Protein chains: 2
Amino acid sequence: MNGRQNSRPTLEQVAARAGVGRGTVSRVINGSPRVSEQTRAAVARAVAELGYVPNQAARALAGSRTDAVALVIPEAEARLFAEPYFLDLIRGVSAELAEADKQLLLTLVRSEQERQRFEQYLAAQRVDGVLLASVHGDDPLPDRVRELGIPVVMNGRRSEAESVPYVDSDNIGAGRAAVAHLVGRGRQRIATVTGPLDMYVARARLGGYRAGLAEAGHAPDEGLVAAGDFTEDGGRAAMRELLERRPGLDAVFAASDVMAAGARAALREAGRRVPDDVALVGVDDSPVARLMDPPLTSVRQPIEEMGRTMARMLLDDAPGGRGDVPKRVLPTELVVRESC
Amino acid sequence: MNGRQNSRPTLEQVAARAGVGRGTVSRVINGSPRVSEQTRAAVARAVAELGYVPNQAARALAGSRTDAVALVIPEAEARLFAEPYFLDLIRGVSAELAEADKQLLLTLVRSEQERQRFEQYLAAQRVDGVLLASVHGDDPLPDRVRELGIPVVMNGRRSEAESVPYVDSDNIGAGRAAVAHLVGRGRQRIATVTGPLDMYVARARLGGYRAGLAEAGHAPDEGLVAAGDFTEDGGRAAMRELLERRPGLDAVFAASDVMAAGARAALREAGRRVPDDVALVGVDDSPVARLMDPPLTSVRQPIEEMGRTMARMLLDDAPGGRGDVPKRVLPTELVVRESC
DNA sequence: CACCGGTATGGGAGCGCTCCCACCCTAGAG
DNA sequence: CTCTAGGGTGGGAGCGCTCCCATACCGGTG
């Protein structure tokens, strides 16, 4: 891979052509108001004639900003999350960044070593900001990035009291809505398959489930709670466990569609019909939900919108922090299908 | 979003600390052999002590290379392709680039305007190479990029005789393998739902289907061919059409899993059982295939491997072109499940 | 008519690196 | 002992911008 050969015009050449100074061209390029209309036009013409495009490296060096933002996704999660999650997120981030004419640098982190390398990378001043997806409870990276003085926004949070700016969806509301719906359909013994409880998102959905039951006046029963890990196999295993512990259950809230698919398989194994014997609700409203048999009721998160919001927050990040941590929690929405 | 405040050490400072010249430090950093072991050690120590990380912008400016590669994905396709396709591709590209210590710049192109902007972007010399995914038959972008003198590799090709380096999977083999399998199971009237025929990938799979039938001694019947568009709805519509034209068909090769899902729905509507009445084969081996009822036999493409191969080809792109266009066609593999 | 404030403009001084030429020194050859 | 050949090394000259200070010029003031 060799460099570019055909040398492109420089600021200086544009200046010469327009019969003005270098500084003036720079002002025009950067939209400074301190330029007469006449000069601006002359420069614009020279730019067009020469097909001038500013050299980004030079800009970055002189101006110490890069017009690029990194989106960091742990590879392990990329495999495991409901399929289109990250693609939707990327889509949202990308759309918003494009509007601001910023570039998206995607970093899939595969190992601890690559994480280290990423920190080096940040130190090399290659990005103006960082977006972090799928951060676990004890992850020090967000704080590390902040210490480097680089703006950062996370997707999701590490705990209830998060110290780093984040965008999350209303996971508590998701659990609550699912349970309310099941209660509304007359279900009495509602179980749940949770995600890995070291992730806030899993705890929040579980919290919503409990809150929903409490609001409906159901007594809590820990026997109706089984931990999964956001995988299909995990969902299947958790469902089997639940059926063993509480054979009389008549509904399940799975904290993800993928786990719901696993649960559905376990129910089929056990000869339970959905929704006749057991009603099922998932989270994500992924394509999987539509294709399941019967189609799965699921709580939709506005993933793409989260991506957009993250990017916007990052770009808006005003120099002077205004006291509290910027955060945004977006609403979720129940999509009702035949599984309950 | 403001710049970095804490200034990091520079080459010069490392040089001072190590008691050597600037050039020597540069040589050490870049692994030049023309440095004595002793000096190298002294510099390495100074680097470690100061926590020096080379400034990327300065490097790019002075050396006119960026250590970054752009991956371009048309947004329209990102929505439509079998779900994890692009994520798998990204994963492969990312892994390979990480090994070479290159950065991945992801560009989702939403509109003609954004395409233009992308060309500007290339002219700004921000990347050392370009990877293009999902290129349509008449797309001029690949040639445009080459004209700028930037190395480029495509995923898939625009036609049989492609002039730009590419990595593709064996789509003809995919169609052939699917048909051979169906013939082997004793199916007599094998139909196909194709992708949009302005895409080479769709034509290739159709070609494979025809070749497979010919090899089995089946007479061609254009009534058994219906065009889809890689969407579920398209698959459903095409299947209805086929059932109307050739009610006696006993097998269908759908050129994607998503279309197979649509076809499956149409078959259910029509009261045909799968696989008893009609056998079904898809392409992609996506999660959708596993979750279908019955699980779908599908032709797997090595997507992640394609991504890796693309990145490797791009990085290897030797300065002097050696006559013919570099290309790589990776094998596909039939994954048999209960749908036939 | 000298003076002032403001606006438009030119261009020097870097930003931190790579490239490359000049120079030093040492060892072997003549 | 001089000469030559290199390996090692230092540092000047940019790379193409942005920042910012200095300058030029304008009309209005006292």
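None of these values were measured; they are calculated from a predicted model. Per chain, numbering begins at 1; letters A, B, ... match sequence-line order.
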Rounded to the nearest Å, what distance is computed from the [atom1] atom of residue [X] to the [atom2] atom of nucleotide [N]?
X	N	atom1	atom2	result
B:Arg126	D:dG16	CZ	P	17 Å
B:Asp67	C:dG16	CG	P	19 Å
A:Glu12	D:dC17	CD	P	9 Å

Requested in this report: Inspect the contact between B:Asp143 and B:Arg146 and indicate whether a charged nitrogen and a carboxylate oxygen are less than 4.0 angstrom apart.
Outcome: no

Query - SB check B:Arg312 B:Glu99 (cutoff 4.0 Å) - result: no

Query - Terminal axis angle for the helix from C:dC1-D:dG30 to C:dG30-D:dC1, five pairs an end, nearest 10 degrees - result: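 The two end axes of the helix from C:dC1-D:dG30 to C:dG30-D:dC1 meet at 70°.
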
Output yes when a side-chain donor or acceptor of [X] lies under 3.5 Å from a complementary backbone atom of [Y], and no otherwise.
X	Y	value
A:Asn30	A:Ser26	yes
A:Thr66	A:Arg126	yes
B:Glu162	B:Arg158	yes
B:Thr309	B:Glu305	yes
B:Asp128	B:Arg65	no

Query - Donor-acceptor pair present, B:Arg22 side chain and D:dG12 base, under 3.5 Å - result: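 Such a pair exists between side chain and base.
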
Query raised in the report: So which of residues 23-48 of chain A are in contact with DNA chain D, with a heavy-atom cut-off of under 4.0 Å?
Result: A:Ser26, A:Arg27, A:Asn30

Requested in this report: Name every residue in residues 49-63 of chain B that has at least one heavy atom under 4.0 Å from any atom of DNA chain D, in order of residue number, or write none if there are no such residues.
Outcome: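 B:Leu61, B:Ala62 - these, ordered by number, are the residues of the stretch whose heavy atoms sit under 4.0 Å from the strand.
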
Query raised in the report: Cut-off 3.5 Å, side chains only: do B:Ser94 and A:Arg110 have a donor facing an acceptor?
Result: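 B:Ser94 vs A:Arg110: donor-acceptor pair found between side chains.
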
Query - Separation of A:Leu108 CG from A:Leu106 CG (nearest 0.5 Å) - result: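 Interatomic distance, A:Leu106 CG to A:Leu108 CG, rounded to 0.5 Å: 5.5 Å.
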
**Report entry** Full working for salt bridge (charged side-chain N to carboxylate O under 4.0 Å, His left out) between B:Arg115 and B:Glu119
**Finding:** CA-CA 7 Å; B:Arg115 269 184 81 116; B:Glu119 288 190 43; 5.5 Å; no

